[in-house]
Amino acid sequence: MSTNNDKLVIFDTTLRDGEQSPGASMTKEEKIHIAKMLERMRVDVIEAGFAIASQGDFEAVQAVAETVKDSTVCSLARAVGPDIIRAAESLKKANAPRIHTFIATSPIHMKYKLQMEPEKVLQQAVDAVSTARQYTDDVEFSLEDGSRSDPDFMYRIIEAVIAAGAGTINIPDTVGYGEPEEYGAMFKRVIENVPNSDKAIFSTHCHNDLGLAVANSLAAVMNGVRQVECTINGLGERAGNASLEEIVMAVRTRQDLFPVDTGLDTTHIVPTSRLVSSITGFPVQPNKAIVGANAFAHESGIHQDGVLKHRETYEIMRAEDVGWGNNRLVLGKHSGRAAVKARYEELGYNFDDAGEFQLVFQRFKDLADKKHEIFDEDLQSIVAGAEEPVEHYRLASLDVHSRSGQRPRAQMQLLIDGEEVSAESEGSGPVDALFKAIESVADSGADLKLYSVNAVTQGTEAQGSVTVRLQRDGRLVNGVGADTDILVASAQAYLDALNLLTGGGKNKAQGV
């Protein structure tokens with residue numbers, strides 16, 4: 001779409017803030033897959049992680065920086081020297097690196113968390129920006145808990161960090177406390193009262209604790225903000241972040257109202273949403289705006305009649321503009337390696353190792369024998385379950401009996417470190433029985449926090465995708481399984497979670 005409106009920079013933090021959702025940690029390879037899709041969507045800035053948080057996070061930022069060529073790649077850093085240096089090291093091979101440094105500026109954070117006086121906070125912020133500028137010209141500074149900060153102190157610190165070289169100033173609603181009218185007005189006052197505000201782009205980063213993240217972000221845009229920080233599917237800690245797809249399509253749909261537009265290729269929104277959901281195990285609710293299964297569905301006869309006569313009567317967007325219908329290249333049991341590999345490449349997956357692709361292709365063939373059509377969502381589920389980690393637990397066979405009036409019973413053969421072990425148990429339902437059977441031999445001591453089942457595609461032969469969340473000793477992990485047999489998928493998901501807890505499998509465990 002060609003407009004004369006200002007450019008709205010889309011800053012995606014799915015790989016950093018989105019990953020902070022409990023149980024949503026991603027491996028380096030998974031981050032690369034998502035980053036490729038974000039790049040294909042033409043996202044302006046990809047925040048790949050918090051480089052100093054761990055060696056794994058450092059390597060993930062480094063890998064994304066090496067892979068992504070067209071988007072700016074960013075690493076978060078606290079306003080201290082070691083963080084900034086580590087971020088710079090992780091971004092060495094980036095075509096367009098950005099260091100994003102931050103410090104808390106609200107009275108409550110400065111007093112109780114930082115235990116620092118305001119003047120010390122201001123000096124540390126300036127020093128951090130000056131240090132970051134030694135490594136890159138693109139430096140962003142965030143005032144953590146900015147929406148609850150003293151206005152006069154905000155003006156001073158923003159003026160100082162812009163003078164020190166910060167080109168982007170982010171004032172986040174860190175705790176989701178903001179309200180659209182007051183949050184938007186805050187930016188208007190900042191821009192009017194900071195003498196050198198014209199030397200920087202202002203940014204918003206909103207959390208959804210009160211369900212206002214998107215509304216607050218858009219209010220900020222109407223008051224001079226030209227960068228929005230957001231995530232795919234609104235993923236993020238607590239109630240999540242502002243949803244990228246909602247921000248982008250609100251601006252695109254209401255060009256009569258918003259003085260900005262993005263450069264995104266919105267046809268990649270739905271495929272990217274599905275990829276993030278598949279990797280994290282966080283399903284998208286059917287009534288989710290833009291990417292939910294019901295987003296463009298009409299059941300009311302009046303609505304159906306209106307849409308058939310003239311689409312705009314009840315649809316303000318075209319489904320195909322956000323990727324619905326575009327990801328339906330049908331593959332089947334007669335499809336060859338070249339077609340399957342080509343579609344995976346379009347979805348952002350590259351298989352440098354022939355053995356890795358052979359494993360994926362074999363799982364594709366196995367699934368094609370069970371169901372007639374294979375869709376993109378199936379391909380993503382195949383990859384999620386096809387990695388060959390070091391497995392402590394593995395399912396060999398499963399037999400579940402469930403009959404009305406009788407307690408369900410599960411019998412299975414497990415491979416534990418390669419040795420076959422029998423397990424069986426009764427339960428209040430078939431899933432309860434198979435989980436108890438697993439625990440009869442695993443005795444993991446873990447608490448089941450979530451059991452979620454979702455159909456990967458439509459129809460009675462669709463794969464079922466199961467997420468099992470376990471917690472033990474302060475660690476929270478998501479296990480994922482997919483199969484046309486929901487009980488097999490459930491067993492796979494539970495064993496996947498156990499492998500994560502015992503140190504095998506993908507390194508996705510994180511602190512609570």
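Predicted model, so just to flag it, every value in this text is computed and none were measured.
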*Any idea how Phe435 and Tyr494 line up, ring-wise: parallel (<30°), tilted (30 to 60°), or perpendicular (>60°)?*
tilted
*Just by modelled atom types, is the Leu487 backbone N or O under 3.5 Å from a matching donor or acceptor in the Asp485 side chain?*
yes
_Residue pair His207 / Tyr177, side-chain heavy-atom distance below 4.5 Å_ = no
*Do Lys31 side-chain atoms and Ala48 backbone N/O form a donor-acceptor pair below 3.5 Å?*
yes
*Identify the two heavy atoms, one from Leu212 and one from Gly178, that lie closest to each other, and give their separation to 0.1 Å.*
CD1-O, 3.5 Å
_Check for me whether Arg469 meets the cation-pi criterion with Tyr451, that is, NZ or CZ under 6.0 Å from the six-membered ring centre and within 45 degrees of the ring axis._
no
*Residues Gln492, Val466; criterion side chain to side chain contact (heavy atoms under 4.5 Å, CB included); working and verdict*: CA-CA 8 Å; Gln492 290 174 344; Val466 176; over 6 Å; no
*More than 12 heavy atoms of other groups within 6.0 Å of Arg148 CZ*: yes
*Strictly under 6.0 Å, is that where the ring centroids of His100 and Phe11 end up?*
yes
*asked:* I'd like to know if the side chain of Arg472 reaches the main chain of Ser444, judged simply by a donor and an acceptor atom lying under 3.5 Å from each other, with no hydrogens or angles considered.
replied: yes
*May I ask you to decide if Gly236's main-chain N or O and Ser21's side chain share a donor-acceptor pair within less than 3.5 Å?*
yes
*Looking at Lys69 and Glu39, does any basic side-chain N land under 4.0 Å from a carboxylate oxygen?*
no
*Check: Ser273 main-chain N/O paired with Ser277 side-chain donor or acceptor under 3.5 Å*: no
_Any residue meeting salt bridge (charged side-chain N to carboxylate O under 4.0 Å, His left out) with Lys288, in chain and number order, not counting sequence neighbours_ = Glu245, Glu246
*asked:* Go through it in stages, so that I can follow the logic: the residues are Ser422 and Gln411, the test is side chain to side chain contact (heavy atoms under 4.5 Å, CB included), and I'd like the CA-CA distance, side-chain angles, deciding distance and then a yes or no.
replied: CA-CA 8 Å; Ser422 298; Gln411 296 174 302; over 6 Å; no
*Using atom types as modelled and distance alone, determine if a side-chain donor or acceptor of Thr266 lies under 3.5 Å from a backbone N or O of Asp321.*
yes
*Quick check: does any side chain N or O of Asp17 sit under 3.5 Å from a backbone N or O of Thr13, one acting as donor and the other as acceptor?*
no
*Minimum-distance pair of heavy atoms, taken over all atoms of Thr231 and Thr14*: CA-OG1, 3.4 Å
*Stepwise salt bridge (charged side-chain N to carboxylate O under 4.0 Å, His left out) test for Lys28 and Asp57*: CA-CA 8 Å; Lys28 178 175 70 176; Asp57 230 31; over 6 Å; no
*NZ/NE/NH1/NH2 to OD/OE distance under 4.0 Å, Lys113 and Glu144*: yes
*Sub-3.5 Å donor-acceptor pair from the side chain of Thr67 to the main-chain atoms of Ala63, do we have one?*
yes
*Going by atom types alone, do Glu424 and Ser440 pair a side-chain donor with an acceptor below 3.5 Å?*
no
*When the ring planes of Phe361 and Phe364 are compared, do they come out parallel, tilted or perpendicular, using 30° and 60° as the limits?*
parallel
